[in-house]
Structures are given as C-alpha cells and as structure tokens.
Amino acid sequence: MRISEQVRRVAVAGVAALAVGAAAQPAAAAVGSTARQAPSFNGSVYAIAYRANTVYVGGSFTSTSVGGRTVARERLAAFDARTGALLDWAPRADGTVRALAVAEHAVYAAGDFGRVSGHARDSIVRLDAASGAVGTFRHGIDGSPRSLAVGNGRLYLSGAFTRVDRQVRSRLAAFSLNTGELDATWKPSADNTVYSLAYADGKVYLGGSFHRTNNTRSTLRLSAVDGSTGALDQSFRPSAPAVVYSVAADATGVYAAMGGQGGRAAAYQRSTGQSRWTRVFDGDVQAIAALDGTAYVGGHFDRACTTSATGAYGTCTDGSVSRVKLAAVAGDGSLAGWAPQANGVVGVRTVAVHRDHGSVAVGGDFTTIGGQPQRRYASFG
C-alpha cells in the first residue's frame, strides 16, 4: 500500500524503473542502529529541525513523555539534541504541524493550524527559537502547506495552496527572512502538490505529484528552480518514476523518496539530474536525508528488494532483506547494514540529520525501535 497522509491503496500496474544491485556485504552507515534516550509522543511526529544543540519537533501530538513523566506539548516541542532533556520551549498550535525550518534566532512552522499560543496565525508562524514567543510574521494561506526550506535570504514554502495573501501562488511561495514579507517576484508554479523542498547552492529542488513546473512539460515529480528568480533549471532533468514525497540535497547529489509500485529511494546528479542509483522497497519511501555520503530513508516498507523486480502490491520478487520502516543507502547505491527496525503501519514520516553532531533523527507513527519502546521519535548517533 501507499501511505502519505493516511493508508491508501495503490494500483498493481507498473514496474521498477531502474535496476539495483545487491551488495555482497552491507556498507557501513555513519550512525549506529541503537536509539538514543529521547522523549516519546502521544501522536504523530511530522517534522524535525535542528538548531545547534536543540532539536525541534512538530506533529499532531498533545503531550510528550520523558523519564516516565508526561508533559503537555501541543503539537510543538523542543529538547536537548545530546541528552534528550525536554526544554521549556512550548508554543501551542491548534492543528497539526507538518513542516519546520530554522533560520538564525527563529523557528518557522507550517501546517493545518489557525492559532498558535492564542494568536491567529493561518497555517504558518514564526517563533522565537529560545522562548517560543509568536512573532509578527503573519500571512494568509489558501490551501495546505507541506514543506519549508531556508536559503538565499528567503523562507520557501510548498504544498497544495493556490494563493498567499490573496496573491496567486501555485503551490510555491517565498518570504523575506529580513522583512517577513511575501516575495513579489519569486513565483514558480506547479500543477499539483509539492510535498517537499530542498535548498542547495542557489537552487530550490521540488518533489511532489506535479507533472509540470512553470507550465513546462517533462518536469514531472522532481525539478529545480532558481532560488532568486524562480526560473526553471532546464539542465536538471531527472526521471522520477513515481510520486516524490521527500527530497534532500547535499554536496554530492539530490535524493528522492518515492512511492509507486512498492517504493524507491534514488540519488541524482545535481547538475543534470542523471541517475546515480536507485533502491527498491516493498512499500512507500516517505522521507529521506543524507549524512556523510549515506542516504537515510524512512517509510512504511518492511523489506529492501535485492533487484528492481516487484510483484503485486510492490512485493520483492527476486529476493529481499529485512529493513522495517528504516534503511540506509551508501554513496555507491549499496544497501547499508543500518537496520534499527521500527514498527507500525504508517511507520516513518520524516528524517532529519545534524551534520555537526553526526546524528540522524526520525519521526512518525512507530512505537518501538528494535523491539524496545520508543514512541514516534528516535535519534541515532
């Protein structure tokens, strides 16, 4: 089954687009498979963002548990990334937080809320990174946000919306980090939902279910636009065979987490979009992030296929190895040995990395990691 916001069926037609090879020995991952001590949550975790030694989380939860003590946290929380200690940072959103981004002294959140800490904020808000106080940043969103990214002096927003502040914005918009105002000139468009954004070296990479970017054919599901002008990057032309739920970028490439017949994680060259590798799983890959050349992926899969061949409902037909909800892929496309083994149906919704700390954090709907209780958030280092 394919799962994005909820469990839903997929068609049985389709084949894996690219071949994958099975490594004789699993490659080493940059982090261990044992989860660190961290808070647990009573509802889904959709978003994770790091700032120095603090990790921020957003979702649909209303409380968190640390050391046997339950504390109210209404869809937003923060704790020490090294020790797992819960921090006093506690703004309150009245609806699900689906995206987070950090810029200097601010934390930006986007989602399905209408009020934050008693202040009217339509789907997007700026919070003080230390106190959690609600800032003056305020906009009207006609639709549903899905992702945030920071770069080039801007906060980028994507989702399923059609207008921002009554101005036409077809699923993409940007705001000035300096003034907070809607960017009047950055107006790229997509013809369907943009689920994820990633910023790197002046470009914004887009992943989603769209078929056209800036009304241009052959830009389906994964494309790139200029971070200043919004112009389509004509040289980046990957071939994403299925809906892209998550996109990430680093110095070596662009990474995509996909659904489809089973699910896929793939890496592409940043300049051309040429394929570097693809791994196939028996369920959707819903989240991806890269650390030290290794791509960490999460989703609702249970097994990693050893070839690209899949059968009905995405089952691996030519052999597989157990990778329950979490897996890692080395820079050469070989499957890494990292296998924390989460549980659940939806599984993992988001993956984030902290390059300075060399850590990986995951969030979603799971309640155990490696058979041990760990509810909806886990960190590895």
Side-chain angles (χ1 to χ4, degrees), residues 26-41 44-59 77-84 99-102 147 149 196 198 200 245-257 265-267 279 281 285-301 304 323-331 333-344 346-370 372 374-381:
V31 300
S33 296
T34 302
R36 295 171 168 176
Q37 182 176 349
S40 291
F41 296 88
S44 301
V45 171
Y46 283 84
I48 302 169
Y50 285 102
R51 177 180 179 267
N53 294 323
T54 300
V55 59
Y56 301 90
V57 297
F79 47 94
D80 190 295
R82 300 161 300 179
T83 67
L100 293 171
V102 171
S147 183
S196 184
Y245 290 121
S246 179
V247 63
D250 66 7
T252 62
V254 177
Y255 305 85
R279 299 294 317 192
F281 298 82
V285 182
Q286 300 178 144
I288 194 164
L291 177 66
D292 296 337
T294 297
Y296 294 86
V297 300
H300 72 95
F301 51 84
R323 291 293 186 273
V324 187
K325 318 308 180 196
L326 289 165
V329 184
S334 59
L335 188 68
W338 191 72
Q341 310 293 73
N343 72 335
V346 174
V348 174
R349 295 181 182 271
T350 184
V351 179
V353 299
H354 194 309
R355 291 182 172 83
D356 292 339
H357 288 183
S359 61
V360 176
V362 302
D365 287 27
F366 55 87
T367 56
T368 66
I369 297 287
Q372 300 300 311
Q374 191 66 49
R375 300 173 67 86
R376 303 180 178 91
Y377 173 89
S379 177
F380 308 88

Undergrad: How far apart are the C-alpha atoms of Asp365 and Arg349, what are their side-chain angles, what is the distance that settles it, and do they pass the side-chain contact (heavy atoms from CB on, under 4.5 Å) test?
TA: CA-CA 7 Å; Asp365 287 27; Arg349 295 181 182 271; 2.9 Å; yes

Undergrad: Apply side-chain contact (heavy atoms from CB on, under 4.5 Å) to the pair Val297 and Phe281, showing each step before the final yes or no.
TA: CA-CA 11 Å; Val297 300; Phe281 298 82; 4.1 Å; yes

Undergrad: Indicate the atoms forming the closest heavy-atom contact of Phe366 with Ala342, along with that distance.
TA: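 What the structure gives for the nearest pair is CB-CB, 4.0 Å.
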
Undergrad: Going by heavy atoms in the side chains, are Ser40 and Gln374 under 4.5 Å from each other?
TA: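 SC-SC contact between Ser40 and Gln374 confirmed.
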
Undergrad: Given side chains that start at C-beta, do those of Trp338 and Phe380 come closer than 4.5 Å, heavy atoms only?
TA: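 Yes - at least one pair of side-chain heavy atoms lies under 4.5 Å apart.
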
Undergrad: When the ring planes of Tyr50 and His354 are compared, do they come out parallel, tilted or perpendicular, using 30° and 60° as the limits?
TA: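 If you compare the ring of Tyr50 with that of His354, the planes turn out perpendicular.
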
Undergrad: Give the ring-plane orientation class for Phe41 versus Tyr377, where under 30° counts as parallel, over 60° as perpendicular and anything between as tilted.
TA: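 Ring orientation of Phe41 relative to Tyr377: perpendicular.
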
Undergrad: Looking only at atom types and distance, does a side-chain atom of Ser196 sit under 3.5 Å from a main-chain N or O of Val247, one as donor and one as acceptor?
TA: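 Judged by distance alone, yes, a pair lies under 3.5 Å.
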
Undergrad: Check Leu335 against Ala304 and note the closest heavy-atom contact, atom names and distance.
TA: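 In this case the closest contact between Leu335 and Ala304 is CD2-CB, 3.8 Å.
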
Undergrad: Going by heavy atoms in the side chains, are Phe79 and Val55 under 4.5 Å from each other?
TA: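 A side-chain contact exists here, since the closest heavy-atom pair is under 4.5 Å.
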
Undergrad: Between Ala290 and Val353, which heavy-atom pair has the shortest distance, and what is it?
TA: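 Scanning both residues completely, I find the closest heavy atoms to be O-CG2, 3.4 Å.
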
Undergrad: For a 4.5 angstrom cut-off between non-hydrogen side-chain atoms, does Thr368 reach Gln341?
TA: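 The answer is no; the side chains never approach within 4.5 Å.
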
Undergrad: Holding to side chain to side chain donor-acceptor pair (under 3.5 Å), I want the full list of residues that pass it with Thr83, two or more places apart in sequence or in another chain.
TA: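 Side chain to side chain donor-acceptor pair (under 3.5 Å) check on Thr83 returns nothing, list empty.
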
Undergrad: Can you tell me how far the CD atom of Gln37 sits from the OG atom of Ser379, to the nearest 0.5 Å?
TA: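 Reported to 0.5 Å precision, the distance equals 11.5 Å.
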
Undergrad: For residues Ile288 and Ala266, report the shortest heavy-atom separation together with the two atoms involved.
TA: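 Heavy atoms of Ile288 and Ala266 come nearest at CD1-O, 4.5 Å.
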
Undergrad: List the atom of Ile369, the atom of Ala35, and the distance in Å for their closest heavy-atom pair.
TA: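 Closest approach of Ile369 to Ala35, heavy atoms only: CG2-CB, 4.2 Å.
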
Undergrad: Under the side chain to side chain donor-acceptor pair (under 3.5 Å) rule, collect the residues that match up with Arg375, sequence neighbours excluded.
TA: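 Testing Arg375 for side chain to side chain donor-acceptor pair (under 3.5 Å), a comparison that skips the adjacent residues, returns none.
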
Undergrad: Give a yes or no answer on whether the side chain of Arg279 reaches the backbone of Ser334 with a donor-acceptor pair at less than 3.5 Å.
TA: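 No, because the side chain of Arg279 does not come within donor-acceptor range (under 3.5 Å) of the backbone of Ser334.
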
Undergrad: Are Thr294 and Asp292 close enough that a side-chain donor and a side-chain acceptor fall under 3.5 Å?
TA: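 Distance-only check fails for Thr294 and Asp292.
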
Undergrad: Kindly compute the distance separating CG (Leu100) from CD1 (Ile48), expressed to the nearest 0.5 Å.
TA: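 Interatomic distance, Leu100 CG to Ile48 CD1, rounded to 0.5 Å: 9.0 Å.
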
Undergrad: If you take all heavy atoms of Ala339 and Ser33, which pair is closest and at what distance?
TA: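 The answer is N-OG, 3.3 Å.
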
Undergrad: Any side-chain heavy atom of Gln286 within less than 4.5 Å of one from Val346?
TA: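 Result yes, sub-4.5 Å side-chain heavy-atom pair found.
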
Undergrad: May I ask you to test the Arg376-Val57 pair for a side-chain heavy-atom distance under 4.5 Å?
TA: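 A side-chain contact is absent here, since even the closest heavy-atom pair is not under 4.5 Å.
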
Undergrad: Do Asp250 and Tyr255 come close enough that some side-chain heavy atom pair is under 4.5 Å?
TA: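 Counting from C-beta outward, Asp250 and Tyr255 do come under 4.5 Å.
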
Undergrad: Could you check if a side-chain atom of Val351 sits within less than 4.5 angstrom of a side-chain atom of Val360, using non-hydrogen atoms only?
TA: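 Yes, close enough: below the 4.5 Å cut-off.
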
